[in-house]
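Reminder, nothing fancy here: chain letters follow the sequence lines and each chain counts from 1.
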Protein chains: 4
Amino acid sequence: MSAPMSPEAEPARVPEGILVHPTGARSRRVHEAALRATCDLLDEGGLPAVTVDAIAERSGVSKATLYKHWPSKTAVAAEAFGRRMAETVALPDTGTARGDLAEQVRLVSAFYASPAGTVFAQLLAACVSDPGAAPYFRVYFLHGRRVAIGVLWERAVRRGEVDPAIDVETAIDILFGPLVFRLISGHRPLTPEEADAISGAALYGLLRHTSTGAD
Amino acid sequence: MSAPMSPEAEPARVPEGILVHPTGARSRRVHEAALRATCDLLDEGGLPAVTVDAIAERSGVSKATLYKHWPSKTAVAAEAFGRRMAETVALPDTGTARGDLAEQVRLVSAFYASPAGTVFAQLLAACVSDPGAAPYFRVYFLHGRRVAIGVLWERAVRRGEVDPAIDVETAIDILFGPLVFRLISGHRPLTPEEADAISGAALYGLLRHTSTGAD
Amino acid sequence: MSAPMSPEAEPARVPEGILVHPTGARSRRVHEAALRATCDLLDEGGLPAVTVDAIAERSGVSKATLYKHWPSKTAVAAEAFGRRMAETVALPDTGTARGDLAEQVRLVSAFYASPAGTVFAQLLAACVSDPGAAPYFRVYFLHGRRVAIGVLWERAVRRGEVDPAIDVETAIDILFGPLVFRLISGHRPLTPEEADAISGAALYGLLRHTSTGAD
Amino acid sequence: MSAPMSPEAEPARVPEGILVHPTGARSRRVHEAALRATCDLLDEGGLPAVTVDAIAERSGVSKATLYKHWPSKTAVAAEAFGRRMAETVALPDTGTARGDLAEQVRLVSAFYASPAGTVFAQLLAACVSDPGAAPYFRVYFLHGRRVAIGVLWERAVRRGEVDPAIDVETAIDILFGPLVFRLISGHRPLTPEEADAISGAALYGLLRHTSTGAD
DNA sequence: ACCTAACCGAGACGGTACGTCTTGTCTTGAT
DNA sequence: ATCAAGACAAGACGTACCGTCTCGGTTAGGT
């Protein structure tokens, strides 16, 4: 949680792609005013409501200054959204890996189906056409989520419940990629039942479990 | 594959959300000219190059007419892209389900990593902020793909190689959702190795295969 | 009042610039339906509300047919307005020429200040950018007015009250030109008092009346 | 003659209806570039050639900026035309009021019959359907003309040649209203002879000069 | 009673201009 | 030196209206 954008501290240790604001005293004030205004705008109208002019007007930070702190409005929105959502990550602990992971898939599915999930989808989509914003989204939002789930996975590996040969990144993508796909394309709903079907298939695999008896 | 937009044929059987242009004789000419021009634009500059004005200028179809045929430029691009890609679906046949599915994941991964994959990502992203275009993308692109993979899955089910309790939709999302997630967010590369890791984990499941010994 | 556009009668005796509709039986119906619809539109929103599409929709007359009967929408509006206003010309008879003319100036001033006067101004203005419509406005509206005032003038000439050397056309323009100028440019109001000031100055001339005797 | 649009000078003393652009340093450059381009367009194709897009392209001033400086393209054209014509007002001095006024009517009549007169008519007409532009036309064109003629009239009043009871505004309208009427409606030509007929009738009045004694 | 034109409705279409919106750069002046 | 305020160019957007056109259906008048 060390503030990765603290400018005067170590401006060199910059996560690649993330701007470090100019020199540095009123910067903090500017930074936070902009993020707060952007949060409000996100609440009111989602990403479409986040306009550089709107942020400038709300926050009292001028457009020129905004462009010194972020490469684009999407980056501001990504950072604002990421910070706001940072506290909402609550890890389940059901006692078993399959229980934890299934519950987590349910939770994320519910999150995607909520208003905040809409904003998430908008940000994800915006990053496609705005590559400069992608690092912000990864650092300020995705990273925290992946770390959290990494904890679950590590626990499961330690317990010997999951296949240790599988990379945690792969596991995450298999569990949540389907949800993301549905969120974006909207070809299927994001209900708890669907979430369970997905986690079930992901945990046990698509192949037939012939093992037990004769086929 | 009867032209689904032929108006006088069956104007009633409209896939929901897909516009059927008003009456309809010169319509066909207009429709195809617009799609052809849009394809060219997609080739040259991806979705950002697809502008209503550009389509109009290239195709000789006026803007007003374009808006009578499609709800937005994204819809035109989705239909154009979908039609163009319709023929490229080639199903592997390796003899086993796990071989077929793994190969298909590799193929799709390669597709996503290609220039056309970039356009795919742009369209997917655009549909988030342009709901009117989503049906076009689903009908003209996604549908064909899902049907094709459905064939693979059916074959696998018939062979008894995969778990028949798993819905084909769920299977598809688990196999390709991770690829889509990576394509959009760019947090991980789309290499053949990664594709294999994903298909492997999806086929065999995340849980530890205790099967060998006593359970 | 003889229908000057009756086609089968004498299609040759066409006032220059006025279209004579094709051959001729349903023509009358079309003609009148269009004019009636146009009148309604003029009432509701003035000339800006008169759109070719709007006339077509209201009247049930197709656009193509409208263009066979009139060169432009302004022409339709001019004819419609002219016919509608034809009956409103009421000539004053006060006993003296100066009384008649002054009263007429007051009446016309009041007309210009009324809603119908707004439409008159719009039509006049439209004729500048739509030369094809000008003949319609002259024939169906201005002509009747000028004829009516010509009667007044003739009477005044016969009575020996006005200068017989002055052309009636000149007299008309001097009396009403100022009103038209004000109507269009809006630099001065169109009140009864102003009307009297204008007719007074026009009747007695701008020069000082030294005639009587010593001053 | 003091630049009436200099913003920082006295932004309050605004002729009603005339926009005063927001703040204002580069404003002057923009303002003049737009007016110059508009003048060129007026020369080449009259008011119909004056298009917001055309002005923007020619002048390098963006459309959005144009709309911040003027309420409509007609307003730009009116200001451009007015400024351009400002220097052309040359007052006659024949020694007598009737000579001066008659000559002025001839001059204005000739002006109306010239290409510039066509533009004048177009602007006058456009102001009917574009009320926002009318103040511009009055302030930048009509006002100068009326002031100039006011000088003539004052001189005539001082000389005791004209009726001092007649308001200068009324006199102006009676002398030039007929010309404007003819210009717009085109019912009569604008020849020098007609101009003399008009000024003669206006100066001496319509009533018969009878009266008293010998002529 | 037909038959053959002309006429008509309906409305799609290309074209042109509109007025608005957002982005990212640049300038000015105050702190 | 930094910043707010905001003007500005660029260019896409979606709409409106125009005038032309193509399509069938209808009506009439000549046979």
Side-chain angles (χ1 to χ4, degrees), chain A residues 21-27 29-30 33 48 50-54 56-57 59-69 71-74 130, chain B residues 7-8 21-30 33 48 50-57 59-69 71-73, chain C residues 21-27 29-30 33 48 50-57 59-69 71-74 130, chain D residues 7-8 21-27 29-30 33 48 50-57 59-69 71-73:
Chain A
H21 23 295
T23 60
R26 298 109 105 182
S27 286
R29 203 212 66 216
V30 157
V50 176
T51 283
V52 181
D53 290 278
E57 191 180 357
S59 64
V61 174
S62 81
K63 287 172 65 178
T65 304
L66 288 175
Y67 280 106
K68 278 197 190 130
H69 285 243
S72 70
K73 63 156 196 173
T74 314
D130 185 350
Chain B
E8 54 280 351
H21 26 293
T23 62
R26 298 105 106 188
S27 289
R28 183 140 40 230
R29 200 211 72 216
V30 157
V50 176
T51 282
V52 181
D53 289 279
I55 300 174
E57 192 179 356
S59 65
V61 174
S62 80
K63 285 173 66 177
T65 302
L66 289 175
Y67 280 107
K68 276 197 190 138
H69 285 244
S72 72
K73 62 163 195 168
Chain C
H21 23 292
T23 60
R26 296 112 104 186
S27 287
R29 203 212 66 215
V30 158
V50 176
T51 284
V52 181
D53 290 278
I55 300 175
E57 192 180 356
S59 65
V61 174
S62 82
K63 287 172 66 177
T65 303
L66 288 175
Y67 279 106
K68 276 195 190 134
H69 285 242
S72 71
K73 63 157 196 171
T74 314
D130 185 350
Chain D
E8 55 281 352
H21 25 292
T23 62
R26 298 106 105 189
S27 289
R29 200 211 72 216
V30 157
V50 176
T51 281
V52 181
D53 290 278
I55 300 174
E57 191 179 357
S59 64
V61 174
S62 80
K63 285 172 66 177
T65 302
L66 288 175
Y67 280 107
K68 275 197 189 134
H69 284 244
S72 70
K73 62 162 195 168

*Measure the distance from CD1 on B:Ile55 to C1' on F:dC13 and round it to the nearest whole Å.*
13 Å
*Considering heavy-atom distances to DNA chain E, does D:Asp53 or B:Val61 have its closest nucleotide positioned more toward the 5' end?*
B:Val61
*Between F:dC17 (P) and C:Glu57 (CD): distance, integer Å*: 11 Å
*How is D:Ala54 classified with respect to the nucleic acid when contacts are heavy atoms under 4.0 Å: base, sugar-phosphate, or nothing?*
nothing
*Mapping C:Ser59 and B:Leu66 to their closest nucleotides on DNA chain E, which lands nearer the 5' end?*
C:Ser59
*N/O (side chain, B:Ser27) to phosphate O (OP1/OP2, E:dG11) under 4.0 Å*: no
*Separation of B:Arg26 atom CZ from E:dC13 atom P, in whole Å?*
6 Å
*Quick one: A:Lys63 NZ to E:dG24 C1', roughly how many Å, whole number?*
7 Å
*If each of C:Ser72 and A:Gly60 is mapped to the nucleotide of DNA chain F with the nearest heavy atom, which maps nearer the 5' terminus, i.e. the 5' end?*
A:Gly60
_Protein-nucleotide distance (C:Lys68, atom NZ; F:dC21, atom C1'), rounded to Å_ = 11 Å
*Select from D:Val30 and C:Pro48 the residue whose nearest nucleotide in DNA chain F is closer to the 5' end of that strand.*
D:Val30
*What's the NZ-C1' distance between A:Lys73 and E:dT25, to the nearest Å?*
18 Å
_Nearest 0.5 Å, please: how far is NZ in A:Lys73 from OG1 in A:Thr51?_
5.5 Å
*Could you tell me whether C:Ala64 contacts a base, only the sugar-phosphate backbone, or nothing, with contacts defined as non-hydrogen atoms closer than 4.0 Å?*
base
_Can you measure A:Tyr67 atom OH to E:dG24 atom C1' for me and round it to whole angstrom units?_
5 Å
_When you measure from the side-chain N and O atoms of A:Thr65 to the phosphate of F:dC3, is any distance below 4.0 Å, counting only OP1 and OP2?_
no
*Mind calculating the distance between NE2 (D:His69) and C1' (F:dA9) to the nearest angstrom?*
12 Å
_Closest non-hydrogen atom pair, C:Ala33 against C:Val61_ = CB-CG2, 4.1 Å
_Partners meeting side-chain contact (heavy atoms from CB on, under 4.5 Å) with A:Ser72 (sequence neighbours left out)_ = A:Thr74, A:Ala75, A:Asp130, A:Ala133
*Could you grab the distance from atom CD1 of B:Ile55 to atom OG1 of B:Thr65, nearest 0.5 Å is fine?*
12.5 Å
*May I ask you to evaluate whether C:Arg29 reaches the phosphate of E:dG9, defined as a side-chain N or O under 4.0 Å from OP1 or OP2?*
yes
*Closest heavy-atom contact between D:Ala56 and D:Lys63?*
CB-CG, 3.9 Å
